[in-house]
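Source: prediction; values computed, not measured. In what follows, chains carry the letters A, B, and so on, assigned in the order in which the sequence lines appear, proteins first and then strands, with residues in each chain numbered from 1.
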2 protein chains.
Amino acid sequence: MIKVLLVDDHQLFGEGVRSMFKPTDGIEISRITTNGHQIPSILEEEKIDVILMDISMPNIDGIGAMQLLKQKGFDVPILMLTMHQDMKYIKRTLEGGAQGYILKDASKQELTEAIQKVSRRENYFHPKINNQIFNFLRGDKGSSDVDLVGQLSDREKEIIGCIVKGLNSKAMADTLFISEHTVKTHRRNIMHKLGVKNTAELVTFSLEKGIV
Amino acid sequence: MIKVLLVDDHQLFGEGVRSMFKPTDGIEISRITTNGHQIPSILEEEKIDVILMDISMPNIDGIGAMQLLKQKGFDVPILMLTMHQDMKYIKRTLEGGAQGYILKDASKQELTEAIQKVSRRENYFHPKINNQIFNFLRGDKGSSDVDLVGQLSDREKEIIGCIVKGLNSKAMADTLFISEHTVKTHRRNIMHKLGVKNTAELVTFSLEKGIV
DNA sequence: TTCATGATACCACTTTGTTGGTATGGGGTA
DNA sequence: TACCCCATACCAACAAAGTGGTATCATGAA
């Protein structure tokens, strides 16, 4: 029996998946939590074979939760469950060390197969995203938006967050306790790194790429 | 036994919800489809008491599907199931004549109650969104994001589209074959209508509310 | 017809954003 | 140590956005 910890902020989804598996399936959703921060304590309480986790969650997102687990030294295979099939998410998931990636748009059969493979520490990727991974690995420059985001420093992301919220340079300076000159320097560097030519484009890019 | 037709593009979710209900619950997910266009033929084949439908779906969205059913003369109570709690969706759902609105973020108990109420043609609204509806019905300008969007003219939405794409006023003027003065007038009117104080906020608002 | 609205256009002015530099101190790495 | 990156800071100048007016014309509703 494979014991699964399900991490998803949608209760209905969690309970649904749990009741989907019968003992004969060899899979049991033994724990459910809606908060990624609770994963460590659950892993300490109970033997868990696979973590099935949503990427987009309110408190801490799936990728953040993965990093947290890695830092704390936990080594449980993680199967990411999500509705996003953007390369952005896939890449960040793989970089974070997930064992597999499956879409909410999958069948029970596919999920079962995925959980089984991941529990054996084999990789699983949902067929729908295999193509994208394949294309990405061919390394065409076209898909290098991701790198642009990766080049941003934490402070720069913070600045972007403020811009998106509508703060102007002066307000940001006051909020972050730095000079307006500094804010402007950051803005300039950000725009250069992202290759955008004005604030509007910066905001659009940031929201679409999920920087904020 | 209440017979439910579930319409959701995420197979896993559908199968999950189906296996969540036991005969003793008095609710049965008797049919599942991932395509809203198939609803009419299913309703003709089988007696359905409640349609449980996701709003965001690829082929035809939940709201479109509702309109389709109304046009074809079907009168089955519809419970909208979604992860969006923006007033935009709620309003469009209610206008479309749905009997209830529940979040994916709900518990099995809540879903059960919702299905039962809707099957009796009572309204059901998830607690989380009740406040929003309440505020909205009071018609305070403050909470009526929806009205803000509704007040925009087509031309203004077009301008917003250009701004979001990163065009500046001069570029827009050239693109739309109008004077730069006119573009600025539009920008001003848009910002006033949406209650934002700069372009960054305008872009954020527009992308989040789905104006573009 | 009268009225309201939307799209268009112009002017003058202020504020903010954008670009071009330069520079210093701290932290980490080759 | 020398080097690079990051956050910080300043100056000057130009471009763009934003503010406060006013105004015309067409359209559709009252």
* Asked: What's the verdict on side chain to side chain contact (heavy atoms under 4.5 Å, CB included) for Ser179(B) and Thr182(B), showing C-alpha distance, side-chain angles and the deciding distance?
  -> CA-CA 5 Å; Ser179(B) 143; Thr182(B) 307; 3.8 Å; yes

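The 12-atom threshold is exceeded at NZ of Lys197(B), counting heavy atoms of other residues, nucleotides or ligands nearer than 6.0 Å.
Atom-to-atom, NE2 of His181(A) to P of dA9(D) comes out at 9 Å; the value is rounded to the nearest Å.
Nearest heavy-atom pair, Ser153(B) versus Lys193(B), reported as atom, atom and distance to 0.1 Å: N-NZ, 4.1 Å.
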Protein-nucleic acid N or O pairs under 3.5 Å, nucleotides 5-8 of chain C:
unit_1	atom_1	unit_2	atom_2	d
dA7(C)	OP1	Ser153(B)	OG	2.9
dA7(C)	OP1	Arg155(B)	N	3.0
dA7(C)	OP2	Ser153(B)	OG	2.2
dT8(C)	OP1	Arg155(B)	NE	3.2
dT8(C)	OP1	Arg155(B)	NH2	2.6
dT8(C)	OP2	Arg155(B)	NE	2.8
dT8(C)	OP2	His186(B)	NE2	2.9

Every protein N/O lying under 3.5 Å from an N/O of nucleotides 13-20 of chain D:
unit_1	atom_1	unit_2	atom_2	d
dA17(D)	OP2	Ser169(B)	N	3.2
dA17(D)	OP2	Ser169(B)	OG	3.2
dA17(D)	O3'	Thr199(B)	OG1	3.4
dA17(D)	N7	Lys184(B)	NZ	3.0
dG18(D)	OP1	Thr199(B)	N	2.6
dG18(D)	OP1	Thr199(B)	OG1	2.8
dG18(D)	OP2	Thr199(B)	OG1	2.8
dG20(D)	N7	Arg188(B)	NH1	2.3
dG20(D)	O6	Arg188(B)	NH2	3.2

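Seen from the ring of Phe13(A), Lys104(A) counts as a face-on cation partner, given the 6.0 Å and 45° thresholds.
A side-chain N or O of Thr33(B) and one of Gln38(B) form a donor-acceptor pair less than 3.5 Å apart.
Ion pairing of Arg121(A) with Asp49(A) is absent here, as no side-chain N (NZ or NE/NH1/NH2) approaches a carboxylate O to less than 4.0 Å. One finds a salt bridge joining Arg155(B) and Glu158(B) here, because a Lys/Arg side-chain nitrogen approaches an Asp/Glu carboxylate oxygen to under 4.0 Å.
Using a 4.5 Å cut-off on side-chain heavy atoms (C-beta onward), Ile55(A) and Leu81(A) make no contact.
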